[in-house]
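By convention in this document, chain letters (A, B, ...) are assigned in the order of the sequence lines, proteins followed by strands, and residues within each chain are numbered from 1. As the structure is a computational prediction, the values presented were derived from the model and not from experiment.
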Number of protein chains: 2
Amino acid sequence: MASYSSTALKAELNERGWRMTPQRETILTTFQNLSEGMHLSAEELCELLKEKGENISLSTIYRNLKLMARMGILRELELAEGQKRYEINQPAPHHHHHLICVRCNKTVEFKNDSVLKVGAKMAEKSGYHLLDCQLLIHAVCPTCQRSITPV
Amino acid sequence: MASYSSTALKAELNERGWRMTPQRETILTTFQNLSEGMHLSAEELCELLKEKGENISLSTIYRNLKLMARMGILRELELAEGQKRYEINQPAPHHHHHLICVRCNKTVEFKNDSVLKVGAKMAEKSGYHLLDCQLLIHAVCPTCQRSITPV
DNA sequence: TCATTATTGCGAATGAGTCTCAACGTGATC
DNA sequence: GATCACGTTGAGACTCATTCGCAATAATGA
Ligand SMILES: [Zn+2]
Ligand SMILES: [Zn+2]
Ligand SMILES: [Zn+2]
Ligand SMILES: [Zn+2]
């Protein structure tokens, strides 16, 4: 289940002169145990942990979500308006993309290996170190097409 | 040059019970005449128009960028942190994607028709009306890989 | 064990984007 | 081409996701 262990995280952090903390381990394992299709915002993660009795301050959550996204451990997604959401960044067989209705924000996840290949090849060709590759499709869902709601 | 005329915009607006205004025409033609690779934020568009002597209030710009993105005329992009950027949404031969360095925000545009095909097929299969299809690659550019700057 | 210094938690600050509302202008009707 | 209904604009107030500043804390290495 755990595609990226907290031991590996600790090693990678130390290598860069940073430190492993209980908060970082908690955040990592929380995302690893999240069911497929769940995307958490900073605030939602904070609430979820509070319910489980593991309080972590919102500042710390914001800092570490950003850190782990920039390490390639988490994916930063702009699914609905107004706030970023995160999910664990999984390799090839579990890697997926998002189709979003711009009116109701209904989100469909789908897999397509060829897109990841295109992204990886493009990054390599330009000498970039790949962190995340996401196909984002903005569209209007069947329900919203039928509704009279403007735009 | 103009892939989407202001006459067409007026027609589509009226069809939905909305109205054409000088501000909307100015915004549309500004994006149509923008050079390739330019992505404007609301604030930048406001400044650009001010320089040209065509003042449009920031509120109006925000409202219409969102409106035109939801009509599929503009693409809404999250390239750098903190603000959305827009560009004209062009069909197949000019359609492109973005490779972004998460540290310095350097952005590379690239074309790949197969990705658009994947997106269009996926939207159609789910009964969604496609507005925009963008492959977003987060990575670390060669320069930033060599730099000692953290994360 | 101790020193160094990265990290946390709190509250204050920031700022992109939204909201409110009176004044205005568009498009439809006659 | 005058009138009307109502969508749109502009200005400023406002919201709230995210960042910042800093003192207290704790992870690492010697
Ligand atoms: Zn997902
Ligand atoms: Zn919808
Ligand atoms: Zn572009
Ligand atoms: Zn860079």
**Request:** Decide, yes or no, whether a salt bridge links Glu44(A) with Arg85(A) under the criterion of side-chain N to carboxylate O below 4.0 Å.
**Result:** yes
**Message:** Strictly below 4.0 Å: does Asn64(A) bring a side-chain N or O up to OP1 or OP2 of dT8(C)?
**Reply:** yes
**Request:** Classify the nucleic acid contact of Arg63(B) as base, sugar-phosphate or nothing, counting any heavy atom under 4.0 Å across all strands shown.
**Result:** base
**Prompt:** Mapping Asn14(B) and Ala42(B) to their closest nucleotides on DNA chain C, which lands nearer the 5' end?
**Reply:** Ala42(B)
**Asked** Of Tyr62(A) and Arg19(A), whose closest DNA chain D nucleotide lies nearer the 5' terminus?
**Response** Tyr62(A)
**Prompt:** Is it true that the side chains of His96(B) and Glu87(B) contain a donor and an acceptor less than 3.5 Å apart?
**Reply:** yes
**Nucleotide nearest Lys10(A) when distance is taken to its side chain, options dG10(D), dT28(D), dC10(C)** = dT28(D)
**Distance, rounded to the nearest Å, where Gln83(B) contributes CD and dT18(D) contributes P** = 15 Å
**Closest nucleotide among dT8(D), dG10(D), dT7(C) to the Ile56(B) side chain** = dG10(D)
**Message:** Rounded to whole Å, how long is the line connecting atom CG of Leu9(B) with atom P of dT26(C)?
**Reply:** 14 Å
**Prompt:** Within the structure shown, what part of the strands sits under 4.0 Å from Ser59(A) by heavy-atom distance: base, sugar-phosphate, or nothing?
**Reply:** base
**Request:** Please report, rounded to the nearest Å, how far the P atom of dA16(C) is from the NZ atom of Lys84(A).
**Result:** 13 Å
**Fill in**
Ile61(A) atom CD1 is separated from dT18(D) atom C1', nearest whole Å, by 13 Å
**Between dT7(C) (P) and Trp18(A) (CH2): distance, integer Å** = 8 Å
**Asked** Got a salt bridge between Lys50(B) and Glu47(B), using NZ or NE/NH1/NH2 to carboxylate O under 4.0 Å?
**Response** yes
**Asked** Can you check the Arg85(B) CZ to dG17(C) C1' distance for me, whole Å?
**Response** 15 Å
**Message:** Strictly below 4.0 Å: does Thr60(A) bring a side-chain N or O up to OP1 or OP2 of dG9(C)?
**Reply:** yes
**Asked** Which whole-number value in Å describes the distance from Glu44(B) CD to dG15(C) C1'?
**Response** 15 Å
**Message:** Checking side chain to side chain donor-acceptor pair (under 3.5 Å) between Tyr86(A) and each of Lys66(A), Glu76(A), His39(A), which is the one that passes?
**Reply:** Glu76(A)
**Message:** Does Gln23(A) reach a base, just sugar-phosphate, or nothing at all? Heavy atoms under 4.0 Å.
**Reply:** sugar-phosphate
**Item:** Per Glu43(A) side chain, nearest of listed nucleotides dT8(D), dG17(C), dA17(D)
**Value:** dA17(D)
**Prompt:** Taking atom C1' of dC10(C) as reference, at what distance in whole Å does atom NZ of Lys50(A) sit?
**Reply:** 13 Å
**Message:** Mind checking if Leu58(B) touches a base, just sugar-phosphate, or nothing, with heavy atoms under 4.0 Å?
**Reply:** nothing
**Prompt:** Should the pair Lys84(B)-Glu78(A) be classified as a salt bridge under the 4.0 Å nitrogen-to-oxygen rule?
**Reply:** yes
**Complete:** Closest of dT8(D), dT7(C), dT28(D) to the Arg24(B) side chain is dT8(D)
